[in-house]
2 protein chains.
Amino acid sequence: MLFSTKAEYGVRLMVELGRQPDSGPVSLSSVAEAERLPLSYLEHLVAKLRRAGLVTSTRGAHGGYSLAHPATEITMLEVVEALEGQIAPMECFHESPEGKVLCSHESNSDRACATKLLWTRVQSGVNRALLGTTLAELVEFSKPAGERAKGEPAKAAAPA
Amino acid sequence: MLFSTKAEYGVRLMVELGRQPDSGPVSLSSVAEAERLPLSYLEHLVAKLRRAGLVTSTRGAHGGYSLAHPATEITMLEVVEALEGQIAPMECFHESPEGKVLCSHESNSDRACATKLLWTRVQSGVNRALLGTTLAELVEFSKPAGERAKGEPAKAAAPA
DNA sequence: GCCCAACCCGACCAATGCTCTAGGATTTAG
DNA sequence: CTAAATCCTAGAGCATTGGTCGGGTTGGGC
């Protein structure tokens, strides 16, 4: 598996928040029930999303979580990275802050790192998919067919 | 990490085999030394590649492994799948033999599976990258710059 | 002012998979 | 025959995953 359930559950959580745009904060327990996910595990995941600035929390009675930004401005790259950490296809494959690709195996040999070309392409493919998918699209997609295509249509991104 | 070292080591192994096209079988220990990888671990990996029909083995003294097909006809999708198993972005995401996408969460709710759109795009991005990269390209890429671009040039595939 | 819903936090735990080693059995060139 | 090599199975050691548990803290409603 490329990703763990952290990404799966976390994205579902975000979609659930995105479905009620302006009805105040949504409690975690209602999300847990709707998606049939363990509440106490969701607490850990939502904490990561909060620390990443993707959701805001309001404490106390009738509290809960809300999206920190409009769903059209939240890309899946942000969400998945907040949940799973930096996305790299391989352990030895890191991007420095300036965007250069580093590979710890490179010094192993006089030759160029054979796999760098491959992992670069894979990462680029994943990044394009994640960056080109907004939360708004998933919210729209999750609605029953009859309900779709009303309101502002989600920005169409690069097709699958 | 998207992939484990199984893919990394296995691809390196394949590249090493691809560098000596017609000089008989290559022993695992020479590969292990050249790439500084643990020999006994490589044995497990090469067994998977053999069972997948990607390499052939010749036993006994002066034995070793060779590519079962020309490097231009081996895609990284075959190699990585042989090593890591079926590639799916998420546990709940399977492709049936007819190519239909199944999702075990779909029955959880009256709504469409919110994450299916996302994982479909991710998988398609990864597949394109893996399918569009041949072993011959990596072999070429791994040569020192001066040595490249001689012989038949590797088929240029979809750029990163 | 209390209660309770809800967020918050850290410790813990079982299961799984990854990385790698050990030890041997089998095959074959020289 | 012997050395080199593939082949096979059985694990050890470790990190991660996917949770659970118990207890805080906050704040609205009665």
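None of these values were measured; they are calculated from a predicted model. Chain identifiers are assigned alphabetically (A, B, ...) following the order of the sequence lines, protein sequences preceding nucleic acid strands; residue numbering begins at 1 within each chain.
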- Task: Please test A:E8 against A:F3 for side chain to side chain contact (heavy atoms under 4.5 Å, CB included), starting from the C-alpha separation and ending with a verdict.
- Result: CA-CA 8 Å; A:E8 173 77 20; A:F3 298 119; over 6 Å; no
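Remark: the A:E84 side chain and the A:S4 side chain contain an N/O donor-acceptor pair separated by less than 3.5 Å.
The separation between B:F3 atom CZ and C:dT19 atom P is 13 Å, rounded to whole Å. For the pair B:L42 CG and D:dT6 P, the computed distance is 10 Å after rounding to whole Å. Whole-Å rounding puts the B:L45 CG to C:dT21 C1' distance at 14 Å. A:L2 places its CG atom 13 Å from the P atom of D:dT17, with the value rounded to the nearest Å. A straight line from CD of B:E91 to C1' of C:dG17 spans 12 Å, rounded to a whole angstrom. Between A:K48 atom NZ and C:dC9 atom P the separation is 14 Å, expressed in whole Å. If you take CD of A:E84 and P of D:dT17, they are 7 Å apart, rounded to a whole angstrom. Between the NE2 atom of B:H62 and the P atom of D:dT6 there is a distance of 12 Å, rounded to whole Å.
With C:dC9, D:dG18, C:dC7 as the choices, the nucleotide that has an atom nearest any side-chain atom of A:R50 turns out to be C:dC9. Of the candidates C:dC18, C:dA6, C:dC8, C:dA6 carries the atom nearest the A:S27 side chain, counting heavy atoms from C-beta on. Listed nucleotides: D:dG19, D:dT17, C:dA6. Nearest to the side chain of A:S4: D:dT17. When each of C:dC20, C:dA29, D:dG29 is scored by its nearest atom to the side-chain atoms of B:Y9, the top-ranked nucleotide is C:dC20. Looking at the side chain of B:H44, the nearest of the listed nucleotides C:dC18, C:dG30, D:dA10 is D:dA10.
Counting any heavy atom pair closer than 4.0 Å across all strands shown, B:R51 reaches no nucleic acid atom. At a threshold of 4.0 angstrom between heavy atoms, the contacts of A:S40 include nucleobase atoms, whether or not backbone atoms are also involved.
Using a 4.5 Å heavy-atom cutoff, the side chains of A:V55 and A:L17 are in contact. Counting heavy atoms from C-beta outward, A:M90 and B:M1 have side chains that stay 4.5 Å or more apart. Inter-residue side-chain proximity for B:E73 and B:T134 is flagged as unmet; no heavy-atom pair is nearer than 4.5 Å.
Take the nearest nucleotide of DNA chain D for B:A47 and for A:P38: the residue whose nucleotide is more 5' is B:A47. Residues A:A61 and A:S57 each lie close to DNA chain C; by heavy-atom proximity, the contact nearer the 5' end of the strand is made by A:A61. Comparing A:G60 and A:T5 by the nucleotide of DNA chain D whose heavy atom lies nearest to each, the residue mapping closer to the 5' end is A:T5.
The base of D:dC8 sits with one of its N or O atoms less than 3.5 Å from a complementary donor or acceptor on the side chain of B:E43. A donor-acceptor contact under 3.5 Å is formed by the side chain of A:R59 with the base of D:dT25.
Distances shown here put every side-chain N or O of A:Y41 at or beyond 4.0 Å from the OP1 or OP2 atom of C:dC13. Between B:K6 and C:dT19 there is no side-chain polar atom (N or O) within less than 4.0 angstrom of OP1 or OP2.
Under the 4.0 Å criterion applied to side-chain N and carboxylate O atoms, B:E140 and B:K143 are assigned as salt-bridge partners.
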